[in-house]
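Worksheet: the structure to be examined is printed underneath.
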Amino acid sequence: MFRLIRYLLAIMESIVQDIINGNIESFKMVYQQYHTKLYFYVLKCTHSVYIAEETVQLSFILLWERREKLSTDFNISTQIFRIGKSVMTDLLRKQQVRNRHTQQLVQDTSDWHVETDITVKEELKRVYNSIEQLSPIRKNVFKLSRFEGLPHKEIARQLSISPKTVENHIVRAIRQLKNSLLLLLLLTIY
């Protein structure tokens, strides 16, 4: 029994040494033997397929890239799972940071929407107040055109005026509203 254990340890040490020496076949054999085990270990710990897949991929990349730093004092399984645990921990930390940033972004966006909604409501109130300051006929023509979407001919028919008069009222109403809102804007700035 003791011989079998020594034999297996010698094989494991040989595999580690082969990988250190850059033997790609030994690396492929280790990958085939351990990638599924590492995947299910990480999946069990994190319940995340994404993190499990990333951990396996990054662990074996690191194993190969840092093969010169492997130790022949430990079997390959121990070293793979140490690398895997380290990679998994890093991925979980990064995910936690991303989640915090995402939550902050959502909160900031929500705050921005509230501020924007308030600003939009204030601007709409100013526009409506400016519309209410138009002369009665001009206000009526403007509202029928812009709020109810009636064509000039229909407005002219309803109010018993010419379509050209309707057009003139709308042009003047828009000019008056622009001037009124520009004045309000300038007063707000200064």
Q17 backbone acceptor or donor facing N21 side chain under 3.5 Å = yes
Nearest heavy-atom contact between T46 and M88 is CG2-SD, 3.7 Å
Donor-acceptor under 3.5 Å (T78 side chain, F74 main chain) | no
4.5 Å side-chain heavy-atom contact, I161 and V141 | yes
Between CZ on residue F27 and CG on residue D18, distance to nearest 0.5 Å | 13.5 Å
State, without any angle test, whether N129 and Q133 hold a side-chain donor-acceptor pair at a distance under 3.5 Å.
-> no
What are the two closest non-hydrogen atoms of G22 and W64, and how far apart are they?
-> O-CH2, 3.3 Å
Student check: side-chain heavy atoms of I155 and S145 closer than 4.5 Å = yes
Take I174 and F142 through the test side-chain contact (heavy atoms from CB on, under 4.5 Å) and record every step on the way to the result.
-> CA-CA 8 Å; I174 290 172; F142 185 81; 3.9 Å; yes
Here the gap from E53 atom CD to L43 atom CG, rounded to the nearest 0.5 Å, amounts to 9.0 Å
Gap between atom CD1 of I83 and atom CG of L38 - 0.5 Å precision = 9.5 Å
Run the side-chain contact (heavy atoms from CB on, under 4.5 Å) check on L91 and L58 step by step: do they pass?
-> CA-CA 10 Å; L91 288 172; L58 292 173; 4.2 Å; yes
Taking everything shown except K139 itself, do over 12 heavy atoms lie less than 6.0 Å from its NZ?
-> yes
Is it true that R172 and E167 make a salt bridge, defined as a side-chain N closer than 4.0 Å to a carboxylate O?
-> no
Do V97 and R100 come close enough that some side-chain heavy atom pair is under 4.5 Å?
-> yes
Gap between atom CE of M29 and atom CD1 of I24 - 0.5 Å precision | 12.5 Å
Atom pair OG (S130) and CG (L177), whose distance is rounded to the nearest 0.5 Å | 6.0 Å
Please determine which of V42, V56, V87 meets the side chain to side chain contact (heavy atoms under 4.5 Å, CB included) test together with I51.
-> V42
Quick one: do the Q158 and E154 side chains pair a donor with an acceptor below 3.5 Å?
-> yes
Could you give the distance from CG (N23) to CZ (R67), rounded to the nearest 0.5 Å?
-> 10.5 Å
Evaluate the criterion side-chain contact (heavy atoms from CB on, under 4.5 Å) for residue pair Y34 and V30; output intermediate values, then yes/no.
-> CA-CA 6 Å; Y34 290 103; V30 168; 3.8 Å; yes
Taking atom types as modelled, is there a side-chain donor on N168 or T165 under 3.5 Å from an acceptor on the other?
-> no
Donor-acceptor pair, side chain of T89 and main chain of K85, under 3.5 angstrom = yes
Using the side-chain contact (heavy atoms from CB on, under 4.5 Å) rule, take Y50 and E54 through it: C-alpha gap first, then chi angles, then the decisive distance, then the call.
-> CA-CA 6 Å; Y50 170 76; E54 285 295 304; 3.6 Å; yes
Is it true that a side-chain atom of R146 and a backbone atom of K143 form a donor plus acceptor pair closer than 3.5 Å?
-> no
